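Each chain gets a letter, A, B and so on, in the order its sequence line appears, and its residues count up from 1. Just so it is clear, the structure is predicted and the values come from calculations on it, not from any experiment.
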Amino acid sequence: MPIPVNRTPVRVRIAPSPTGDPHVGTAYIGLFNAAFARHHGGQFILRIEDTDQKRSTRQSEEAIYRSLRWIGLQWDEGPDVGGACGPYRQSERGAIYREHTQRLLDNRTAYRCFCTAERLDHMRAAQRAAKLTPRYDGFCRDLDPKEGARRAQAGEEHVVRLRMDQDGETFVPDALRGTVVYDNRQMDDQVLLKSDGLPTYHLANVVDDHLMAITHVIRAEEWLNSTPKHLALYAAFGWEAPVFVHMPLLRNADKSKISKRKNPTSLEFYQRAGILPEAMLNFLMLMGYSRKDDAGADLEKFPFDAFVSDLDLCRVSLGGPVFDLKKLDWLNGLYLRAMPPAELAERELAFLREDDRQASIAQLVQERVTSLGDYFDHAGTFYAGLCDAGLQARYFLIGCCSKKKNAVQLDRARSKLFFEDAIARLEAAPTWQPEPIEAALRAAIEAAGVLVGDGMMAIRVAISGRTASPPLYESITALGRSVSLVRLRAAAGLLGEERMLQDALAAAEAEVDATRRALQVAADAAQAKPVAPTSTLAEA
RNA sequence: GCCCCGUUAGUCUAGCGGUCAGGACACGGCCCUCUCAAGGCUGGGACAGGAGUUCAAUUCUCCUACGGGGCACCA
């Protein structure tokens, strides 16, 4: 059963919220939306959902544009490119939401609620204690609308809630799952307009999708459970609802929803790690989807255009795909190897040239460099993603490799806590500059009660993969926030693994053994043949 | 706790009543080779469990288990 197309042109959108780093999940959903639009000759819209004033930032918004452009997704309408249905930034559509809220107030499908946060907190606590689904108890539901309007007029702080049906069932048609049935008694009277006058996601999303003539809502599965609310909103406005397609969630190796704690989620990380955008996009196409060649074998490497031309969303598989970095690396290598050497060289140079950390990296490496070529030996770590810290992992056990007599050693669990604390402090740093970074690290070290040198060494190894590196704070600054945090999280993750200590020590021993063996072989060789065989070079 | 979604090897997937359960990453072996990659060949490895429907279930239905998501004045 194909995805129904009830209206044309097909119009789809992604609506990322600009809070934090541009997310790989945004690119994933964006990819399927963009491809679906292209497949049907429709439009793909980028809308910025910045109704959360506390968390939204302009830098994050800019970063989203950069990363989506990097990966090769193009939108037909958006805040930066304009379009007929603007503005495309929800913070600029306040009047539209207020007007629409009034319509719902007028037709009684919504009501004003004057309950305080404290009352709601108590209510939910009581419901939880009674093992009930926490939901609004309807205290203001039957308030006289005139009374509500009067109190609102008087400036009393309040929100607007959607009046949901209290019994019966809601049928949610999902293009991939069939009809999902919800008991209306589970549904909450969702807040539509917050007390700051801005809409919640639910309201803004429905109003904008309608006004922007969105025909298909292709979004992540985490939204499935709120679709009944959205359907109720479409009904309240008397609008036709779009077709809903809920995509599976990208997962960590442990199958939980992909998160920065357990995976690099920032697109910027992949860009800096030297992943080609086309490989990244291709890899995302493989998540929950597959194409076959004539022999019936799965295709792995194919371009966006091919993906578009035979895209059939119904074939998306619903099991949450684990984001496997190993396979991404392999695919990336496939692309790299398929290039004409001249193109690879050009891409390589462009990769370096376009990196905005260039100057600061050069400054750090400069003091150590002996030739232009030698530069790469020192700078290499800045152009990689995860560094191979495996051999040095023993340094993550804080103090265990310390040569100092008064060293304080931390066990695995405590070392992990130290890393997590350091990460939290770095994340909270006001700016990504040497001073706040140093302050954060020193604070973490002091809290852990270990020697400064030992703590810094652990961080150094996690950051650079080596025990010798340019100055740490400057290196972290130059490396950049996204990559630095990923590497530190990787170190913390390693400490969380049972076998980490054994592996690290085994690796260390292997290292020593290998050296010893090499020396032995050399010594044996010298013994066996004290006189070097004919050395033509020497004689010549 | 309640509700919803899902479940083919460690991972990504094909399969839409009868297949030797196909491909890919990863892993092992062999070949190629000055090394390392790459490449070629090759090996091990999967239908979560239980009922039912059927001549026949990986495939359809139900139950259980497990995994995930949701239950905000966050999206």
Side-chain angles (χ1 to χ4, degrees), chain A residues 1 15-20 23 25-26 48-56 90 113-117 120-121 123-124 127-136 157-161 170 172 174 176-178 180-188 190-205 219-229 246-258 283-293 295-301 314-331 333-334 336-338:
Chain A
M1 187 175 58
S17 81
T19 55
H23 202 273
T26 304
I48 295 293
E49 300 222 345
D50 54 353
T51 54
D52 183 345
Q53 285 196 305
K54 293 183 206 78
R55 296 195 303 151
S56 299
Q90 291 187 328
C113 169
F114 297 87
C115 293
T116 61
L120 295 175
D121 285 346
M123 180 196 76
R124 286 197 195 95
Q127 286 168 334
R128 257 182 241 279
K131 299 186 192 280
L132 294 166
T133 299
R135 53 194 285 254
Y136 184 59
E157 193 164 274
H158 68 286
V159 300
V160 174
R161 286 180 187 275
T170 298
V172 175
D174 179 272
L176 301 180
R177 277 159 260 259
V180 182
V181 183
Y182 289 89
D183 185 337
N184 288 342
R185 283 170 297 189
Q186 290 292 325
M187 297 295 121
D188 202 359
Q190 186 64 47
V191 171
L192 299 179
L193 206 64
K194 299 182 272 190
S195 57
D196 63 4
L198 288 173
T200 57
Y201 166 82
H202 305 283
L203 203 228
N205 165 265
R219 67 198 344 176
E221 187 179 2
E222 56 190 330
W223 300 109
L224 183 58
N225 287 335
S226 49
T227 310
K229 292 168 186 170
H246 290 96
M247 298 287 293
L249 250 24
L250 257 24
R251 308 292 183 92
N252 297 311
D254 65 3
K255 296 279 189 178
S256 54
K257 173 166 95 167
I258 196 165
F283 182 64
L284 257 13
M285 295 172 200
L286 266 21
M287 300 280 92
Y289 198 74
S290 72
R291 301 179 62 231
K292 287 207 264 193
D293 65 15
D298 289 1
L299 279 167
E300 307 289 342
K301 180 171 177 283
C314 286
R315 295 189 38 245
V316 168
S317 63
L318 265 16
V322 172
F323 197 85
D324 180 8
L325 276 331
K326 280 255 175 56
K327 189 156 180 175
L328 206 210
D329 282 341
W330 166 78
L331 230 203
L334 231 45
L336 256 4
R337 275 174 250 125

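A/Ser195 places no side-chain N or O within donor-acceptor distance of the main-chain N or O of A/Glu157, the cut-off being under 3.5 Å.
For A/Ser317, counting side-chain heavy atoms from C-beta on, the closest listed nucleotide (B/rU13, B/rC2, B/rC74) is B/rU13. Proximity note for A/His202 (side chain, C-beta onward) versus B/rA72, B/rU13, B/rA75: the nearest is B/rA75. With B/rA72, B/rG69, B/rU11 as the choices, the nucleotide that has an atom nearest any side-chain atom of A/Glu222 turns out to be B/rG69. With B/rC73, B/rA38, B/rA75 as the choices, the nucleotide that has an atom nearest any side-chain atom of A/Arg337 turns out to be B/rA38.
When Watson-Crick and G-U wobble pairs are counted only if both distances are under 3.5 Å, B/rC27 pairs with B/rG43. Under the Watson-Crick and G-U wobble criteria, each requiring two contacts below 3.5 Å, nucleotide B/rU53 is left unpaired.
Base engagement by A/Arg55 is indicated by at least one non-hydrogen atom pair under 4.0 Å involving a base atom. At the heavy-atom level, A/Thr51 lies under 4.0 Å from the strands shown only through sugar-phosphate atoms. Nucleic acid contact class of A/Val172 (heavy atoms, under 4.0 Å, all strands): none. Counting any heavy atom pair closer than 4.0 Å across all strands shown, A/Tyr182 reaches sugar-phosphate atoms only and no base atom. Within the 4.0 angstrom heavy-atom criterion, base atoms lie near A/Pro134. Nucleic acid contact for A/Val191: sugar-phosphate only, since backbone atoms but no base atoms lie under 4.0 Å from a heavy atom of the residue. Nucleic acid contact class of A/Arg161 (heavy atoms, under 4.0 Å, all strands): sugar-phosphate only. Heavy atoms of A/Cys115 sit under 4.0 angstrom from at least one base atom. Within 4.0 Å (heavy atoms only), A/Gly333 reaches no atom of the nucleic acid at all.
A side-chain hydrogen bond (donor to acceptor under 3.5 Å, both in side chains) with A/Thr170 is found for one member of A/Asp183, A/Asn184, A/Thr227 and no other, namely A/Asn184.
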What protein N or O atoms touch nucleotides 59-68 of chain B N or O atoms at under 3.5 angstrom, if any, and at what distances?
from	atom 1	to	atom 2	distance (Å)
B/rG68	O4'	A/Arg251	NH1	3.4
B/rG68	O2'	A/Arg251	NH2	3.3

What are the atom names and distances for every N/O pair under 3.5 Å that joins the protein to nucleotides 29-35 of chain B?
none

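If you take atom C1' in B/rG40 and the same atom in B/rG49, they sit 41 Å apart, rounded to whole Å. Going from the P atom of B/rC2 to that of B/rC63 covers 16 Å, rounded to whole Å.
With sequence neighbours left out, the side chain to side chain contact (heavy atoms under 4.5 Å, CB included) criterion links A/Asp293 to A/Ala295, A/Ala297, A/Leu299.
With RNA chain B read from its 5' end, the first of the two nearest nucleotides for A/Leu318 and A/Leu334 is the one closest to A/Leu318. Summary of the strand contacts: A/Arg291 and A/Ala117 both lie near RNA chain B, and taking for each the nucleotide with the nearest heavy atom, the more 5' one is attributed to A/Arg291.
Between A/Lys301 and A/Leu331, some side-chain heavy-atom pair lies under the 4.5 Å cut-off.
Here the closest non-hydrogen pair linking A/Asp188 and A/Lys229 is O-CE, 4.4 Å.
Of the side-chain N and O atoms in A/Ser226, none sit less than 4.0 angstrom from OP1 or OP2 of B/rC71.
For A/Asp52 and A/Tyr201, the side-chain atoms include no donor-acceptor pair closer than 3.5 Å.
The distance from atom CG of A/Leu325 to atom P of B/rC12 is 13 Å, rounded to the nearest whole Å.
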Under 4.0 Å protein heavy-atom contacts per nucleotide of nucleotides 17-25 of chain B, with B for base, S for backbone only and - for none: -----BBBS
Per-nucleotide protein contact string for nucleotides 40-48 of chain B, where B marks a base within reach and S marks sugar-phosphate only (heavy atoms under 4.0 Å, - for neither): ---------
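Checked for salt-bridge contact, A/Glu221 and A/Lys257 miss the test: no charged N lies under 4.0 Å from a carboxylate O.
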Return all side-chain donor-acceptor pairs below 3.5 angstrom for residues 317-330 of chain A, not counting sequence neighbours, or 'none' if the list is empty.
from	atom 1	to	atom 2	distance (Å)
A/Asp324	OD1	A/Lys326	N	3.1
A/Lys327	NZ	A/Glu300	OE1	3.3

